[in-house]
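Protein chains get the first letters and strands the later ones, always in sequence-line order, with residue 1 at the start of each. Owing to the predicted nature of the structure, the values given are computational and were not obtained by experimental measurement.
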Number of protein chains: 2
Amino acid sequence: MSPLVKTVLRFGLIILALLILFQLTNASLFIPSISVDFVIGIAAIILMALGIYLGRGIKKEKIIEVKPSSVIDEKRILSLGISPRELEVLQLISEGLSNQEIAERLFISESTIKTHISNLFVKLDVKRRTQAVIRGKEWRIIA
Amino acid sequence: MSPLVKTVLRFGLIILALLILFQLTNASLFIPSISVDFVIGIAAIILMALGIYLGRGIKKEKIIEVKPSSVIDEKRILSLGISPRELEVLQLISEGLSNQEIAERLFISESTIKTHISNLFVKLDVKRRTQAVIRGKEWRIIA
DNA sequence: TGTATTTTGGTACTAAAGTATGAATAGGTT
DNA sequence: AACCTATTCATACTTTAGTACCAAAATACA
């Protein structure tokens, strides 16, 4: 089901439930055999069930927002002064590539890769590529 | 807050809300200036809010159940023939330690660490420690 | 146009990682 | 006892990683 359909259904349910409640209230006023307390009880159950259903829907969307928590923190990248190329290299390091392989992938010399990596280590405050990957993920600057 | 306290609070809220509702209902019957529709409206809002709050709690627990999906696959460790010591070394590699640091941590020589690592690489079918970490997590043999 | 940053690359070096091979020891199994 | 596996360690070696220092282009920017 599309989100739109779901939303329409939800609001439809709310309106329907409210209508039924008002009708029940009126009925209870004219038909003494149905106690007001009974109506209130039914109303309570219906509305709480509705609330739980709606709350679930709200939460579901929130979960969807939370789950892809691997959103890159652009601000931190800027504050660390990490250049786009350096970030690209870091990403490839995290994918398990060697300096040679990264160089071939980016069509530049291994020498340049080493420069980028050395600069990265300073900015990330690490000593090894394995630590760089951990930091990169900790600080959400790579996926 | 502990889960027990939360549960008590929740049910306390439910009872409180119901009591208020019944009181309001009685009041509306004897004081005509307060319309029944008004009471029903307030009841609807309170109960739906309560329902959403309760539903949120239910969902939160479900999320907690889903999150710790990183259970170590002991069967795969055995099938790969990875020894306890090798696994220990792999874990420390994944924490960003150098061979020297791993050796000091485990009170054995760096030479032994290299042996373990070489054997690990064969079993994991990788060429570098960065790849070993990726494989280790892919195959759920490390956290 | 001048300036700052990024990107690129080189050389030379040190350090770390990884391979290959062999071997000793301890513990558990048959 | 004989056997197997895990663990340990060493030597010698090759490869990769990483550092230090420098410098030329390219790019962006005011």
Side-chain angles (χ1 to χ4, degrees), chain A residues 72-139 141-142, chain B residues 72-139 141-142:
Chain A
I72 277 79
D73 189 344
E74 308 283 356
K75 293 172 188 170
R76 184 163 297 175
I77 294 173
L78 286 177
S79 70
L80 291 171
I82 293 175
S83 72
R85 203 55 158 174
E86 285 167 350
L87 194 65
E88 207 169 355
V89 171
L90 180 58
Q91 178 63 45
L92 294 175
I93 288 177
S94 78
E95 291 173 17
L97 276 68
S98 69
N99 292 345
Q100 180 74 56
E101 288 166 344
I102 296 172
E104 288 167 4
R105 184 76 72 88
L106 301 180
F107 303 105
I108 55 181
S109 80
E110 193 192 336
S111 178
T112 306
I113 300 299
K114 287 186 177 182
T115 303
H116 287 320
I117 290 179
S118 277
N119 292 332
L120 266 172
F121 287 178
V122 174
K123 291 168 184 175
L124 294 175
D125 189 32
V126 296
K127 296 192 176 302
R128 277 175 289 284
R129 53 173 56 214
T130 45
Q131 292 179 336
V133 173
I134 295 171
R135 266 297 153 71
K137 289 181 177 175
E138 262 179 18
W139 290 351
I141 63 179
I142 53 171
Chain B
I72 276 80
D73 190 343
E74 308 283 355
K75 293 172 187 170
R76 184 163 296 172
I77 293 173
L78 285 177
S79 71
L80 291 170
I82 293 175
S83 73
R85 204 55 158 172
E86 286 166 351
L87 194 65
E88 208 168 356
V89 171
L90 180 58
Q91 178 63 45
L92 293 176
I93 289 177
S94 78
E95 291 173 16
L97 275 69
S98 69
N99 292 346
Q100 180 74 57
E101 288 167 343
I102 297 171
E104 288 168 4
R105 185 75 72 91
L106 301 181
F107 302 105
I108 55 182
S109 79
E110 192 191 337
S111 178
T112 307
I113 301 299
K114 287 185 177 182
T115 303
H116 287 320
I117 291 179
S118 277
N119 292 332
L120 265 172
F121 288 177
V122 174
K123 292 169 183 175
L124 294 174
D125 190 33
V126 296
K127 295 193 178 303
R128 278 175 287 284
R129 55 173 51 211
T130 45
Q131 292 180 337
V133 173
I134 295 171
R135 267 295 154 72
K137 289 181 178 176
E138 264 180 16
W139 289 351
I141 64 178
I142 52 171

Next on the checklist: With a cut-off of less than 4.0 Å, is there a side-chain N or O of A:H116 near OP1 or OP2 of C:dT7?
Outcome noted: no
Next on the checklist: Here's a test for you: under side chain to side chain donor-acceptor pair (under 3.5 Å), which of A:H116, A:K123, A:Q91 qualifies with A:E86?
Outcome noted: A:K123
Checklist outcome for this item: Separation of C:dT8 atom P from A:E110 atom CD, nearest Å, is 14 Å
Item to check | Of B:P84 and B:K114, the one whose closest DNA chain D nucleotide lies more 5' | outcome: B:P84
Next on the checklist: With a 4.5 Å cut-off on side-chain heavy atoms, are A:L106 and A:R85 touching?
Outcome noted: yes
Checklist entry - Are the charged groups of A:E101 and B:R128 less than 4.0 angstrom apart, N to O? => result yes
Checklist outcome for this item: Taken to the nearest whole Å, CD/B:Q100 to C1'/D:dA17 is 16 Å
Item to check | Side chain proximity check, A:I82 to A:L124, heavy atoms < 4.5 angstrom | outcome: yes
Item to check | Atom-pair distance (CD1 on A:I113; C1' on D:dT19), nearest Å | outcome: 16 Å
Checklist entry - Within the structure, does a side-chain N or O atom of B:R129 lie under 4.0 Å from either OP1 or OP2 of C:dG18? => result yes
Checklist entry - Of the candidate nucleotides C:dG18, C:dT8, D:dT8, which contains the atom at the shortest distance from the side chain of B:F121? => result C:dG18
Checklist outcome for this item: Between CG of A:L120 and C1' of C:dT7 the distance, given in whole Å, is 13 Å
Next on the checklist: Rounded to whole Å, how long is the line connecting atom CD of B:E86 with atom P of D:dA6?
Outcome noted: 7 Å
Checklist entry - When you check the phosphate oxygens OP1 and OP2 of D:dT19, does a side-chain N or O of A:S118 lie under 4.0 Å from one of them? => result yes
Checklist entry - Nearest of C:dT8, C:dT6, D:dC9 to any side-chain atom of A:R85? => result C:dT8
Next on the checklist: Rounding to an integer number of Å, can you tell me how far B:I77 CD1 sits from D:dT5 P?
Outcome noted: 19 Å
Next on the checklist: What is the distance, to the nearest angstrom, from the NZ atom on A:K127 to the C1' atom on C:dA17?
Outcome noted: 17 Å
Next on the checklist: It should be established whether A:N99 places a side-chain nitrogen or oxygen under 4.0 Å from OP1 or OP2 of nucleotide D:dA17.
Outcome noted: yes
Next on the checklist: I need the CD1-C1' distance between A:I108 and D:dA24, as an integer number of Å.
Outcome noted: 16 Å
Checklist entry - Hey, does the side-chain of B:S111 have a donor or acceptor N/O within less than 3.5 Å of a partner on the base of D:dA10? => result yes
Checklist entry - So, is A:S109 close to the C:dG9 phosphate, meaning a side-chain N or O under 4.0 Å from OP1 or OP2? => result yes
Next on the checklist: Please confirm whether the shortest side-chain N or O distance from A:S83 to OP1 or OP2 of C:dT7 is below 4.0 Å.
Outcome noted: yes
Next on the checklist: If the cut-off is 4.0 Å, is B:T112 near the phosphate of D:dT7, judged by side-chain N/O to OP1 or OP2?
Outcome noted: no
Checklist entry - Of all heavy-atom pairs between B:S94 and B:I142, which one has the smallest distance, and what is that distance? => result CB-CD1, 3.7 Å
